[in-house]
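All remarks here apply to the structure that follows.
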Protein chains: 2
Amino acid sequence: MLRTNTCGELRMTHVSKTVVLSGWVQKIRDKGGMLWIDLRDRYGITQLILEEGQVDAALLTLARSLGREDVITAQGEVIERSSKNSNIPTGEIEIKVGQLHLLNKSKTPPFTIEDDTDGGDELRMKYRYLDIRRTPVRTALELRHRLSIETRKYLDGLNFLEVETPYLIKSTPEGARDFVVPSRMNPGEFYALPQSPQTFKQLLMVGGIDRYYQIVKCFRDEDLRADRQPEFTQIDCEMSFVTREDVLQTFEGLMVHLFNKVLDVQLATFPRMTYADAMTYYGCDKPDLRFDMKFVELNTVVKDKGFPVFDAAELVVGINAQGCSEYTRKQLDALTDFVKKPQLGATGLVYLKCNIDGTYKSSVDKFYSPEELQKWAEAFGAKAGDLILVLAGAPDKTRKALSELRLHLADEQGLKDPKVFKPLWVIDFPLLEWNEDEKRFFAMHHPFTSPLEDDVAYMNSDPGKVRANAYDMVINGVELGGGSVRIHNRALQKQMFSILGFTDEEAQNQFGFLMNAFEYGAPPHAGLAFGFDRMCAIFSGKDSIRDFIAFPKNNSGRDVMIDSPSVIDAKQLVELSLAVKK
Amino acid sequence: MLRTNTCGELRMTHVSKTVVLSGWVQKIRDKGGMLWIDLRDRYGITQLILEEGQVDAALLTLARSLGREDVITAQGEVIERSSKNSNIPTGEIEIKVGQLHLLNKSKTPPFTIEDDTDGGDELRMKYRYLDIRRTPVRTALELRHRLSIETRKYLDGLNFLEVETPYLIKSTPEGARDFVVPSRMNPGEFYALPQSPQTFKQLLMVGGIDRYYQIVKCFRDEDLRADRQPEFTQIDCEMSFVTREDVLQTFEGLMVHLFNKVLDVQLATFPRMTYADAMTYYGCDKPDLRFDMKFVELNTVVKDKGFPVFDAAELVVGINAQGCSEYTRKQLDALTDFVKKPQLGATGLVYLKCNIDGTYKSSVDKFYSPEELQKWAEAFGAKAGDLILVLAGAPDKTRKALSELRLHLADEQGLKDPKVFKPLWVIDFPLLEWNEDEKRFFAMHHPFTSPLEDDVAYMNSDPGKVRANAYDMVINGVELGGGSVRIHNRALQKQMFSILGFTDEEAQNQFGFLMNAFEYGAPPHAGLAFGFDRMCAIFSGKDSIRDFIAFPKNNSGRDVMIDSPSVIDAKQLVELSLAVKK
């Protein structure tokens, strides 16, 4: 080993020991007679000291020739520092260098290896191996490792088996777009990379592996939005002989375990909310419960008072921004502009200030008397000092806009505390979504999701009404994972495919292996999957997943470090029986 | 939960408890008044009993209608069995059924779900989800899980970080053939699936992640031999600031840990053998040390006695098959036929029987006196009762044939005990192999392997002589893993590519990202990778890896269960800017 200790572990108790450290030169201070080197490795920084007269002149010359990020090995004695640095754990000691070796020279790095670097995103991606040396990126990867270790520990303790499912599988047009892999040995045929191990984990249930998990890469060839990656990691789980309740308990338990072990945070029992309630009260299916501002519907309160906008609107709905009654004209105009953005498309924003002095001031007070405005305030349970914001229009669009306004206000008010974690389960999602373009239903989750037992009767008569036995885990407004009780009966699965517009032949051709398996004693089963990249970001209170991925791709799906994808040899194309057609 | 207990856990201590079990019907015995059901799940088999008169007639009717592999739930009381079955852990009790529900019907399975099934390989692959229900396959997957858990536990304990490297990387012609993935967003360009995360783990070392591991899928588009899979799993590891010794100690420690925790086997310190010695004494680079039969070279003993074959041969070399002097003419002929197979190509086999009575009998005793034959025996340290077998010819070919003969004899003699584990390190491999077809050197390991320091001087003058700082871990004649100290210096890496016939431009184009990284303070580093599928097989004393893979592909790279690879939609090809050219 080219070291006896790391750069993070030496303390006063080590004083007078002779040690060998290896690492990167973080900084050099040369005061003539004295020279200090900050030596850095994964574990920390330790100060080396060389004193003229006390060490070989050659050693000092070598030390003076060193630059940032050079790799060195130093041997020396641990001594107490005269001026201690309480900002770092090794700040009480330094190493009086006796020997010094240059292991490898470094060119000047294209950006500084500091917590706050001067490197832009593209530059950091291109030199990702240097970016990883920075503490924020390294600790992100360390957190990821810790989460994976603790996830496995918890699930292994509950008798879950990690089973590796294949990466070279079969392309199916339902769902997102597959990445495909041409087969050389079967000309004209392709494998697909899995979008998830869904069908394989279900086959494992049929195979009697009653508790399965896998931390596994998945692939989707989608047009990348910001913070989407073509390859991403799932914690994928499935259980047999269970009800929904068992799955929720088991994976709520996983999350409690992870928060406890990794962050020392104790989570309380997760509340549950139906999809319908989430939409009614928060306008979205992943409400952030770190703050209140629950929607209040005002139709019965505000209609027929002569305000044509509210009278014409199908829904009038608002939120109470507590303590915001002093918002200025300018602030209110900015909120109005926010909801009028084309993405939200509200036509206007009505406000009601519940002034500190007990009076009311509204943008529509020519239509509503103070007594009427007081009724609004009562509907919200608003107090003096609160600000009520109201939107009106078509229900779906209005709720969506109000949801965005709610989140925007929370940002403005600093209500999104990254150290506070508010989880919940959202349950009873719709089974199907109508697609107006294709004039057919799509599975909201996926085609293997079981309808709620009470709703099976509507499968043919009114498919849009059927609720799924599906659930999402949401923390702080982010969907961390989701799953469902699955169909385990061939007839019901066939019916589901038929509702989705598959002919029997198409269903058999694409998913025959699964439907056939259901005929050989498939047990009732249910499961879920977590987005692991996203989970890492949540645990760190970060919005972007990119720093939790060692080697991420950019928004064009390109790895700028290795310059991939790239053109391949003509010989490779011939072997694959393929031609490029631009 | 559709059960209170599993089918493997009930004992006498549970008697009189009411329990609910769920599982598959393994067997039904109907003796009229009494009916027994063997109920099976992942954890074992429990006997259910229904007695006429004691249970509802409807229940009995349902029970009588059940067939093999139906999925049921049964509630009942745990009672002591009158006739106990000591072959199974639950054999002392049975369940007096009170309620019974059919959860899912099964068609008659295409093969029996028994340890010794009547299903052939192809049928078992097609219905892999049924095959997985069989105990031998399930326990193989359980062993795999246990090995992965313990591997992570050990490495995590040593501060190794598991870091996920990307699956969509860049195609490089050096090495085996890549699987490629067309990029829709970059028409005419392709990603490649990794043959190993080699370059990425080296970049992690440059990035200061000084201890990395990953249990990771890798891909090779090779013409499949028996027991090769296009996708396979590696335990991939790398360390910085280490010497070869540190790597050998660390991963010898991993293996000691795994054998101890998983098999309760205590491994002794691993012997080390140079590649040169392995070839000299065992004729192969992965000697099986469960048995002796070390090669003895006889050139100095047998030459110039008038036997033209030996006199003409460059090498005369043999092994001592202890206690085999009574081999019959027929057995010896069979051994001769074995070495004369075209794959081995020996021209003949000379034997020397060291008879029990102290006399010698050889196939060439007209050329050698008893005294001379005794010298042979002495060279081998042979005792009365031993059989010496000798081959002669060109060294490489002769050693290879003798190695095969040695393994063949071990099989015949039952010396390959699957419960005995004899590990070793083979070290100091050649750096390069000359390829006569392409008239150039290839890297024996890969182009990133460092030469031994002593041999660097020969890099230009005599590349074939250079030994690599590379090592393989071998157990029972199987290469379990291998690795090397890596090059971490740009100039040496460039020289290596040049010896391999890369132009500077090709090297920069394909591996520029790595060589550039070496200029920014790359630390000395070394690592290795284990074949995880193979490791599972070794731990089970099995030859084939297939049962240790949940969903394997057949020898044409086809998944016969899901019928993949397959033709994709014309629309997909258009999106990918590709055309199939058969």
Side-chain angles (χ1 to χ4, degrees), chain A residues 1-3 22 24 42 69 71 104 106-107 129 132-133 141 145 149 156 161-163 166-171 179 181 183-191 203 206-208 210 217 221 231 241 246 513 517 519-523 550-551 557 561-562 564-566 568 577-582, chain B residues 1-3 22 24 42 69 71 104 106-107 129 132-133 145 149 156 161-163 166-171 179 181 183-191 203 206-208 210 217 221 231 241-242 246 513 517 519-523 550-551 557 561-562 564-566 568 577-582:
Chain A
M1 206 84 75
L2 305 181
R3 61 185 172 199
S22 290
W24 288 263
R42 176 182 145 198
E69 301 306 315
V71 188
N104 213 349
S106 176
K107 295 209 291 199
Y129 46 87
I132 289 172
R133 287 188 198 159
L141 297 178
H145 167 73
I149 285 279
D156 182 51
L161 282 190
E162 183 160 28
V163 181
Y167 278 79
L168 297 173
I169 65 167
K170 184 174 172 151
S171 187
F179 280 105
V181 181
S183 166
R184 181 180 53 87
M185 291 207 279
N186 305 275
E189 299 192 339
F190 295 75
Y191 302 99
L203 291 172
V206 178
D210 60 356
K217 273 281 175 77
D221 184 13
E231 49 177 306
F241 302 121
D246 302 309
F513 62 94
E519 294 191 308
Y520 288 99
F551 298 100
M561 180 185 69
I562 62 171
S564 165
S566 59
I568 59 174
S577 312
L578 285 180
V580 171
K581 284 202 153 182
K582 285 203 203 178
Chain B
M1 207 83 76
L2 306 180
R3 62 186 173 198
S22 289
W24 287 264
R42 175 182 145 198
E69 300 307 314
V71 188
N104 213 349
S106 175
K107 296 210 290 199
Y129 46 86
I132 289 172
R133 287 188 196 158
H145 168 73
I149 284 279
D156 182 50
L161 283 189
E162 183 160 29
V163 180
Y167 279 79
L168 297 174
I169 64 166
K170 182 173 174 153
S171 188
F179 280 106
V181 181
S183 165
R184 180 180 54 86
M185 292 208 276
N186 303 276
E189 299 192 338
F190 295 75
Y191 302 99
L203 290 173
V206 179
D210 60 356
K217 273 279 174 77
D221 185 13
E231 49 178 306
F241 301 119
V242 291
D246 302 310
F513 61 95
E519 294 191 308
Y520 288 99
F551 298 101
M561 179 184 71
I562 63 172
S564 165
S566 60
I568 58 175
S577 312
L578 286 180
V580 171
K581 283 202 151 183
K582 284 201 205 180

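This is a predicted model, so every value here is computed, not measured. Lettering follows sequence order; numbering is per chain, from 1.
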Chain B interface, residue from A/A517, A/S183, A/S171 that has the most non-hydrogen pairs under 4.5 Å:
A/A517

Contact winner vs chain B - A/E69, A/E189, A/M185, A/K217, heavy-atom pairs under 4.5 Å
A/E189

Under 4.5 Å heavy-atom distance to chain A, tell me which part of [X] shows up: side chain, backbone, both or neither.
{"X": "B/K107", "answer": "both"}
{"X": "B/M1", "answer": "both"}
{"X": "B/V163", "answer": "side chain"}
{"X": "B/N186", "answer": "side chain"}

Side-chain ([X]) to main-chain ([Y]) donor-acceptor, under 3.5 angstrom:
{"X": "B/S564", "Y": "A/I169", "answer": "yes"}
{"X": "A/K581", "Y": "B/A579", "answer": "no"}
{"X": "A/R42", "Y": "B/G207", "answer": "no"}

Return the minimal non-hydrogen interatomic distance between [X] and [Y], and the atom names on each side.
{"X": "A/F241", "Y": "B/R3", "result": "CD1-NH1, 3.3 Å"}
{"X": "B/K170", "Y": "A/S566", "result": "CG-OG, 3.8 Å"}
{"X": "A/G208", "Y": "B/W24", "result": "CA-CH2, 3.5 Å"}
{"X": "A/F513", "Y": "B/M561", "result": "CB-O, 3.4 Å"}
{"X": "A/R184", "Y": "B/D221", "result": "NE-OD2, 3.1 Å"}
{"X": "B/V206", "Y": "A/Y129", "result": "CG1-CD1, 3.8 Å"}

Contact check, side chains of [X] and [Y], non-hydrogen atoms, under 4.5 Å:
{"X": "A/N104", "Y": "B/E519", "value": "no"}
{"X": "A/Y191", "Y": "B/P565", "value": "yes"}
{"X": "B/V580", "Y": "A/L578", "value": "yes"}
{"X": "B/E162", "Y": "A/I149", "value": "no"}

Looking at B/D210, B/I568, B/V242, B/L203, which has the largest count of heavy-atom pairs under 4.5 Å with chain A?
B/D210

